[in-house]
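All figures in this text were calculated on a predicted structure; none of them were measured in a lab.
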Amino acid sequence: MKESPKARQKPHGPGGTPDPTCPVQPVQSSSSGHTSYLVTGYAQARQALGDPRLSKDTAAFFADKGSRRRLHPAVAQNMLASDPPQHTRLRKLVTKAFTTGAVAALRPFIEQVTDALLDQWPAHGRVDVIANLAMPLPVTVICELLGVPEADRPDIKRWSADLFTAGPPERIDAASHKIAEYMTGLIAEKRNRPDNALLDHLFSVRDGEDQLIEQELVSLAVLLLVAGHETTTNFIGNALLALLQQPADLERLRRDPDLVPGTLDELLRYASPVSTATFRYTTEPLSLGGVKIPADAPIQVAIGTANRDPERFAFPDQLDLSRNASGHLAFGHGIHRCIGAPLARAEAELALHAILARFPEIRLAVPPEQLAWQPTRLVHGLAALPVLVQGLSDD
């Protein structure tokens with residue numbers, strides 16, 4: 001079993017790269033001088049992700065701190081950046097769309113989109129898995145759910161990529177306004193021409209007893225649109241790369257595709273599509289991993305590193321498809337656990353199954369060390385995954 005390039009995801013905190021062997025450590029910001037705390041141990045990360053004393057109310061934290069950021073309110077103040085009871089109410093509104101049963105009903109559509117994308121791959125030659133499957137598949141599925149017209153989807157992909165970039169803050173802020181303004185317009189248009197999209201369900205809530213205000217409606221739509229595909233893109237790319245580096249495992253899955261669903265947890269643990277959980281801060285003094293943390297301190301949970309904690313997973317830098325990795329934190333933990341996890345798993349499963357069935361001779365087109373990774377702290381994914389394929393014979 002072999003360790004993949006960039007396999008051990010290193011947590012990048014303000015002011016440098018702290019020692020990942022220390023499960024909880026203070027990190028000094030080079031710009032503001034403030035101290036945040038980086039959590040890299042599995043047990044400590046799980047505790048932090050489920051601790052109600054850690055708030056996700058970003059707006060409250062930055063309210064009196066004179067932040068220069070200009071994120072659109074629909075992006076800055078979404079369900080992901082809220083606490084109960086607001087979070088509980090908003091999450092309840094969209095949960096039904098992502099239950100196991102709801103996702104099962106989507107599987108034929110996911111298979112259809114996957115096959116259509118793979119039909120465009122060359123029978124023999126080089127293709128980028130990210131650009132030609134891992135990215136368009138989840139984008140198409142979530143856009144279909146929300147009712148985003150096909151012609152608008154390239155813009156959605158571009159704005160979403162900008163939101164997750166490690167580039168200038170102004171670029172991120174501008175993307176937040178573009179995508180929020182787009183969804184505001186789409187919502188207004190769909191009110192006049194309703195269909196069966198998820199947005200129509202949210203409309204009924206907006207106009208019913210729950211009193212979902214317009215900004216909340218836009219915020220939910222933006223969050224589902226962006227979070228609904230970015231991490232799945234990374235999951236598909238990371239998983240396939242890991243398998244390509246272990247040909248024996250790849251061949252075993254090709255011969256017995258029914259094994260694919262059982263490998264997903266280990267692939268998620270080994271190559272987490274999210275490096276660092278979204279922002280949290282302490283609402284009162286607490287102790288985490290034996291470290292005393294004051295109130296009002298930002299907490300960064302390094303999910304990718306926690307999933308490689310040898311205290312929790314033996315030989316963590318090895319991909320072991322026989323491992324029971326169901327306790328991984330790739331989808332988070334607690335009340336904020338990823339609501340789209342069932343959909344992400346279904347998309348990755350069907351994508352891997354189809355690739356192995358149709359392109360049994362697939363292999364990397366470049367050495368692993370030449371692969372480019374996205375320049376961002378939050379998500380962990382490839383910028384491109386070039387492979388060489390040879391399709392099944394027509395005989």
Side-chain angles (χ1 to χ4, degrees), residues 8-71 75-78 80-84 87 163-173 176 272 274-312 329-330 332-336 374-380:
R8 167 80 66 161
Q9 295 182 39
K10 295 183 173 64
H12 294 280
T17 305
D19 180 5
T21 63
C22 183
V24 180
Q25 55 196 293
V27 182
Q28 200 75 14
S29 170
S30 58
S31 56
S32 66
H34 296 151
T35 300
S36 62
Y37 290 80
L38 182 67
V39 182
T40 59
Y42 174 89
Q44 297 78 15
R46 185 178 174 90
Q47 178 186 338
L49 293 172
D51 196 323
R53 297 171 296 176
L54 296 186
S55 172
K56 299 201 76 200
D57 191 345
T58 310
F61 180 82
F62 289 104
D64 57 352
K65 293 181 173 57
S67 174
R68 296 181 180 178
R69 297 304 303 272
R70 295 294 180 266
L71 286 168
V75 175
Q77 301 170 26
N78 57 51
L80 200 58
S82 64
D83 299 326
H87 171 266
L163 280 175
F164 283 94
T165 186
E170 297 80 9
R171 179 180 174 186
I172 301 172
D173 292 349
S176 77
S272 303
V274 176
S275 291
T276 307
T278 49
F279 181 84
R280 286 167 169 79
Y281 71 95
T282 55
T283 57
E284 59 182 82
L286 55 86
S287 178
L288 186 61
V291 176
K292 293 183 178 179
I293 302 176
D296 209 37
I299 305 290
Q300 300 177 65
V301 180
I303 287 176
T305 307
N307 277 337
R308 296 295 189 89
D309 185 349
E311 295 293 321
R312 174 61 178 83
L329 301 175
H333 173 67
I335 63 171
H336 290 283
Q374 295 183 57
T376 170
R377 292 189 308 177
L378 284 179
V379 295
H380 173 67

Inset, instruction - Nearest 0.5 Å please: distance from the CG atom of L288 over to the CG atom of D51. - result: 7.5 Å
Inset, instruction - Calculate, to the nearest 0.5 Å, the distance between atoms CD and CD belonging to Q44 and Q25 respectively. - result: 11.0 Å
Inset, instruction - Only one of Q300, H380, Q374 passes side-chain contact (heavy atoms from CB on, under 4.5 Å) with S275; say which it is. - result: H380
Inset, instruction - Working to the nearest 0.5 Å, report the span between CG of L54 and CZ of F279. - result: 10.5 Å
Legend entry - Minimum heavy-atom distance A306-Y42, with the two atoms named: O-CB, 3.5 Å
Inset, instruction - Determine whether T58 and Y281 make a side-chain contact, defined as any pair of heavy atoms from C-beta on separated by less than 4.5 Å. - result: no
Legend entry - Approximate separation, where rounding is to 0.5 Å, of R280 CZ and T278 OG1: 5.5 Å
Inset, instruction - Return the minimal non-hydrogen interatomic distance between S82 and H336, and the atom names on each side. - result: O-CE1, 3.2 Å
Inset, instruction - Rounded to the nearest 0.5 Å, what's the gap from CG on D309 to CZ on R46? Could you check? - result: 13.0 Å
Legend entry - Closest non-hydrogen atom pair, N307 against L329: OD1-N, 2.9 Å
Inset, instruction - Please name the pair of heavy atoms, one in P298 and one in T35, separated by the smallest distance, quoted to 0.1 Å. - result: CD-O, 3.7 Å
Legend entry - 4.5 Å side-chain heavy-atom contact, K56 and L80: yes
Legend entry - Closest non-hydrogen atom pair between I303 and A277, with its separation: CD1-CB, 3.9 Å
Legend entry - Nearest heavy-atom neighbours spanning L378 and V274: O-CG1, 3.4 Å
Legend entry - Interatomic distance, D173 atom CG to R171 atom CZ [nearest 0.5 angstrom]: 12.5 Å
Legend entry - Residue pair T282 / P294, side-chain heavy-atom distance below 4.5 Å: no
